[in-house]
Structures are given as C-alpha cells and as structure tokens.
Amino acid sequence: MKRFLYLVVLMMCQLAWGQLFEPAPIDPDPFAAGGVGSYTQTPNRPGGAAFADDDTAEVVPPAASPAGNRFRAPQVPREQTRVAVLGYHNFSETRPVSSMLMRTSELRAQMEYIRRSGYTVISMAEFLEWRFGELRLPEKCVLITLDDGWRSVYTDAYPVFREYGYPFHLFLYTRYLTGLGDSMSPAMIREMMQNGASVGSHSSTHPYPSQWRKHEAAGAEAYGAYIDKEIGASRERLVELFGDISTYCYPGGYNDDAMVSRMPGYGYTAAFTVIPGKVTCEEEQFRIRRYMVFGTDPSIFRSAMDFRETTGRTTVKTTAEPGRVAPQTPPPPFPVTPAAGETVSCEVPTIVAQLGGMQSIDLSTVRMYVSGFGRVPARVETSTRSIQWTPPCRIYMPNLSVHIYWQSTDGTRHRAEWSFSIDRNVKLPQ
C-alpha cells in the first residue's frame with residue numbers, strides 16, 4: 001500500500017511539474033489583443049527586452065544549406081508560401097534612436113515575437129531555392145536582411161540571431177568594409193558566415209538617388225560605366241573576400257531599367273528594394289519587396305508580421321494598375337493632398353485628408369490605408385479635423401492609392417479613395 005501511495009504522489013508531482021513548465025502555446029491570432037503584431041517589452045530582463053511572459057527560447061541551429069527537414073511548420077506547395085523580408089540597419093541600447101538605429105532590446109523583442117508566432121526564419125539560400133527552384137517552405141516565412149555593414153550588427157544583432165538560431169543576410173557596400181569606426185571588418189563578417197550569415201552586395205559607395213540621376217544625365221555610355229562600377233565591381237570585390245555573391249540590394253531602394261537589365265550579366269540572381277509587401281514565388285526577380293524596419297516606427301514590423309488575408313470592408317479590389325483606384329471611383333467628399341490624379345514632384349509626400357466639412361463624423365474611427373504599406377500610423381488632428389501621414393522613406397512606386405475609412409456617429413461606415421502619381425524624374429538637391 002505504501003508503494004502504491006508513493007507512486008500516486010509521484011505521478012501527481014510529475015503532472016504539476018509539467019503544467020508549471022509547459023512551453024507557452026503559440027497564439028493562433030497574435031494580433032487580436034494589442035493590434036497587429038503587438039508585443040510587450042520587459043525592460044529589466046537581463047540581456048535585453050522580451051515578452052512579458054517570456055520563457056526560454058529553444059535554439060535551432062541555422063541550416064548551412066537548403067534542407068527542408070529542418071522546418072518545424074508543415075511545408076506547403078510553393079505558391080502558398082508568403083515571405084516577409086525584413087530590412088535592418090544599425091543597433092544600440094544607449095545611442096539615440098533614429099529611423100536607421102534601433103534599440104538592441106527592440107530587435108530581441110521582435111525576434112521573440114517571430115518565435116512565439118510560429119513563423120519560420122529562412123536563409124537566403126533557402127529563399128532563392130524556393131523562388132527559383134523547387135524547394136517547398138512553410139506557409140509563413142521571414143527572411144532577415146541587414147544593410148550597409150554597421151559594426152553593431154556584429155556586436156549587438158549577431159548575438160541575438162545566434163541566441164535564436166536565426167540565419168541572416170548582410171548587404172554590404174564595399175567602401176564601408178574597413179573595420180574602422182562604426183564599420184565591420186571582413187574578419188568579423190567571415191566569423192558570422194560560420195554561424196548563419198550570408199552576404200550580398202549593396203553597391204560600392206552607396207550612392208543616393210541624386211547621384212544616380214546626375215550620372216544618368218551624362219548620357220547612356222557614362223551611366224553604364226557608373227552602374228558597372230557601383231553594381232558590377234562591388235560584386236567582384238565581395239567575391240574576392242567572401243566567395244560567391246548572387247544577391248544585390250538597391251541603396252535607398254532606387255532602381256531603374258538600366259540597372260535591372262545589367263543584373264544577370266554581373267552574376268546576380270535576385271535584387272531587393274524597399275517597397276513593402278509579402279513576397280510570393282512569382283515575385284519579380286530584380287525588384288523583390290522588403291519591409292524596412294525603422295527604429296522610430298514599430299508599425300512597419302507589425303505590418304510585416306501580419307500574414308492574415310485582408311477581408312471585409314478594408315479589402316481594396318480594383319481593376320486599375322497597382323497603386324491606382326478604378327477609373328469609376330468617385331472623388332473623396334473632402335479636400336485631400338496630394339489631390340486625386342495629381343503628379344507630385346516630391347518623393348516623400350505628406351498625405352492629408354481634411355475632414356472638417358463632414359457632418360457627424362466620429363474622428364476616433366478614422367483610419368488610413370496606403371497601397372504597399374497597408375494600414376499606416378496616420379495622425380488624426382481633432383483641432384483641424386484632419387488625418388495625415390508622411391511615409392518614413394522615399395517612395396519609388398510610380399503611383400499610390402489612399403483609402404480612408406470612418407464611421408458616422410450613428411455607426412454608419414464610409415470609405416473614400418483616391419490615387420496620385422510620383423514624379424520619379426524630380427531632381428533632388430545635391
């Protein structure tokens with residue numbers, strides 16, 4: 001009898017132990033509680049921020065090459081996979097946050113969110129074999145990229161990625177590979193390549209759009225030579241340092257047909273932009289979309305992590321080209337800037353809707369959606385009865401459509417839509 005009672009007590013203890021330390025279940029809809037992709041930081045956690053109910057992350061060693069058996073989530077037919085490509089720059093826990101610089105603890109919190117959401121972080125090799133080969137991936141995947149070659153990638157981000165076992169891809173511009181100041185050295189990069197990193201080109205000198213346009217204005221021959229130097233020569237140098245290079249990332253996202261047409265000749269198989277959106281297996285080869293995750297705008301990460309299908313009244317279905325509304329769409333019933341059909345000579349246009357003339361509008365319900373960005377963190381000004389938003393980066397899409405949703409005080413729902421064009425030939429100040 002004593003032995004029987006002992007076994008009963010032992011089983012009860014094991015059951016209690018298992019309930020106490022059972023890993024937290026993955027929320028099937030992680031966006032429901034705090035908005036799209038909401039997460040909570042715990043500032044006092046040693047080593048950085050994480051979720052408030054954090055448990056120990058299980059580290060999965062990154063695959064050195066495409067290997068479907070490492071995926072935990074079920075693999076699906078290629079056309080069912082969507083990939084959110086994330087783009088980062090610089091990190092620090094103490095320096096002032098900016099669009100290009102993020103808190104290291106914020107990066108850790110985002111990686112924890114990815115883990116808890118059950119998304120699969122893939123390597124660039126896996127991404128390319130899925131896009132151009134026959135590899136099958138899980139339905140919801142994330143590809144991590146980092147631009148420029150900041151030293152903080154090695155000191156701050158690299159330990160986080162190793163902790164989570166996440167592969168990552170470095171887009172480097174060769175003039176910055178000195179190891180001096182805030183830049184990384186080739187030795188640092190080689191070390192990371194032994195632990196989940198891969199490398200692509202980000203040009204030779206990181207030219208801004210005004211520099212590209214300046215050389216383009218000098219004529220086709222001169223412009224071709226400049227593209228050779230920036231895009232072609234950068235790959236040659238990176239191949240000397242790190243081996244085969246097959247990917248390119250446009251500085252600032254700026255690209256044109258002359259650049260794209262030369263990509264195969266240089267040896268690239270894929271090139272990435274800064275236009276946000278989920279990537280499918282039919283993505284344009286040399287204009288692949290990315291979400292640039294800025295330190296000052298957490299909504300971009302939330303948008304990238306929203307894999308839900310857009311349904312209901314926020315769905316935008318038109319027969320027009322991307323970024324435009326259908327020709328039969330009525331104009332907004334209030335003044336808007338830029339105006340419907342206008343072509344603006346500014347690459348970062350502030351979008352404004354003046355709602356002062358609308359009767360019985362509930363300002364707390366006003367929302368703004370922009371093509372390519374989804375719902376944006378627009379500011380509603382109650383004093384002027386307006387809503388406005390400025391994109392966090394230059395816009396290289398030729399057209400943008402804007403969609404405003406609101407409710408009347410009686411609960412009636414309304415929608416207004418319009419589109420405008422971006423003049424990509426505008427000359428920026430030198």
Side-chain angles (χ1 to χ4, degrees), residues 30-31 34-41 49 51 82-92 96-117 119 121 140-148 150 152-153 157 160-161 166 168-169 171 249-254 272-279 283 287-308 310 314 316 323 347-351 367-379 387-397 400-403:
F31 309 98
V36 175
S38 175
Y39 56 89
T40 304
Q41 292 188 15
F51 283 73
R82 289 181 296 160
V83 180
V85 185
L86 305 179
Y88 295 94
H89 286 87
N90 200 1
F91 307 91
S92 175
V97 169
S98 68
S99 59
M100 298 294 107
L101 189 144
M102 172 185 289
R103 285 277 174 265
T104 308
S105 55
E106 180 81 356
L107 174 68
R108 184 185 300 277
Q110 292 182 1
M111 297 304 103
E112 174 66 8
Y113 181 84
I114 291 171
R115 184 187 74 86
R116 283 188 171 272
S117 298
Y119 302 149
V121 178
K140 302 171 184 179
C141 294
V142 177
L143 173 62
I144 300 170
T145 68
L146 304 103
D147 292 2
D148 298 342
W150 295 93
S152 65
V153 171
V160 174
F161 297 144
Y166 289 164
F168 55 101
H169 193 68
F171 284 119
C249 170
Y250 303 103
Y254 184 81
F272 292 75
T273 70
V274 297
I275 298 175
K278 300 297 185 295
V279 177
E283 186 79 359
R287 289 190 171 105
I288 298 173
R289 290 170 288 179
R290 280 197 307 167
Y291 293 91
M292 299 310 298
V293 186
F294 298 129
T296 53
D297 190 354
S299 68
I300 299 173
F301 178 78
R302 293 197 295 267
S303 295
M305 294 299 101
D306 188 355
F307 283 87
R308 296 174 299 177
T310 304
T314 59
V316 178
E347 294 188 346
V348 189
T350 296
I351 302 171
R367 302 289 185 267
M368 179 185 290
Y369 292 76
V370 178
S371 58
F373 292 90
R375 181 178 170 181
V376 298
R379 185 174 71 254
I387 182 172
Q388 61 178 291
W389 177 69
T390 301
C393 58
R394 287 175 176 149
I395 304 299
Y396 298 106
M397 292 174 283
L400 287 183
S401 62
V402 185
H403 312 264

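Within the model, atoms CE of M111 and CZ of R115 stand 12.5 Å from one another, a figure rounded to the nearest 0.5 Å. Atom CE of M368 is separated from atom CH2 of W389 by 8.5 Å, given to the nearest 0.5 angstrom. The OG1 atom of T145 lies 7.5 Å from the CZ atom of F272; values are rounded to the nearest 0.5 Å. Rounded to the nearest 0.5 angstrom, L86 CG and I114 CD1 are separated by 5.5 Å. We find the CE-CZ distance between M100 and F294 to be 4.0 Å, quoted to the nearest 0.5 Å. The SG atom of C249 sits 10.5 Å away from the CD1 atom of I288 when rounded to the nearest 0.5 Å.
Nearest heavy atom pair, residue V274 against residue G253, reads CG2-CA, 3.8 Å. Taking every heavy atom of both residues into account, P349 and P391 meet most closely at O-CD, 3.0 Å. Shortest non-hydrogen contact noted between L101 and P96 is CD2-O, 3.5 Å. Across all their heavy atoms, L146 and A157 have their closest contact at CD2-CB, 4.3 Å. Of all heavy-atom pairs between C141 and F307, the closest is O-CZ, 3.5 Å. Of all the heavy atoms in H89 and V153, the pair that sits closest is O-CG2, 3.7 Å.
F91 and Y88 have tilted rings, their planes meeting at an angle from 30° to 60° on a 0 to 90° scale. Ring geometry for Y119 against Y113 counts as perpendicular: the plane angle is over 60°, on a 0 to 90° scale with 30° as the lower cut.
Residues L107 and F161 are in side-chain contact: their nearest non-hydrogen atoms beyond the backbone lie under 4.5 Å apart. Side-chain contact between V142 and M305: present, with at least one pair of heavy atoms (C-beta onward) separated by less than 4.5 Å. Counting only heavy atoms from C-beta outward, the side chains of I300 and P276 never approach each other to under 4.5 Å.
Residues T296 and S99 bring no donor and acceptor atom of their side chains to less than 3.5 Å of each other.
Between the R289 side chain and the K278 main chain, a donor and an acceptor come within less than 3.5 Å of each other. With hydrogens and angles disregarded, a donor-acceptor distance shorter than 3.5 Å links the side chain of R290 to the backbone of T273.
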Notebook entry, point to check: After noting the C-alpha distance and the side-chain angles of M292 and D147, does the key distance pass the side chain to side chain contact (heavy atoms under 4.5 Å, CB included) rule?
Noted result: CA-CA 10 Å; M292 299 310 298; D147 292 2; 3.7 Å; yes
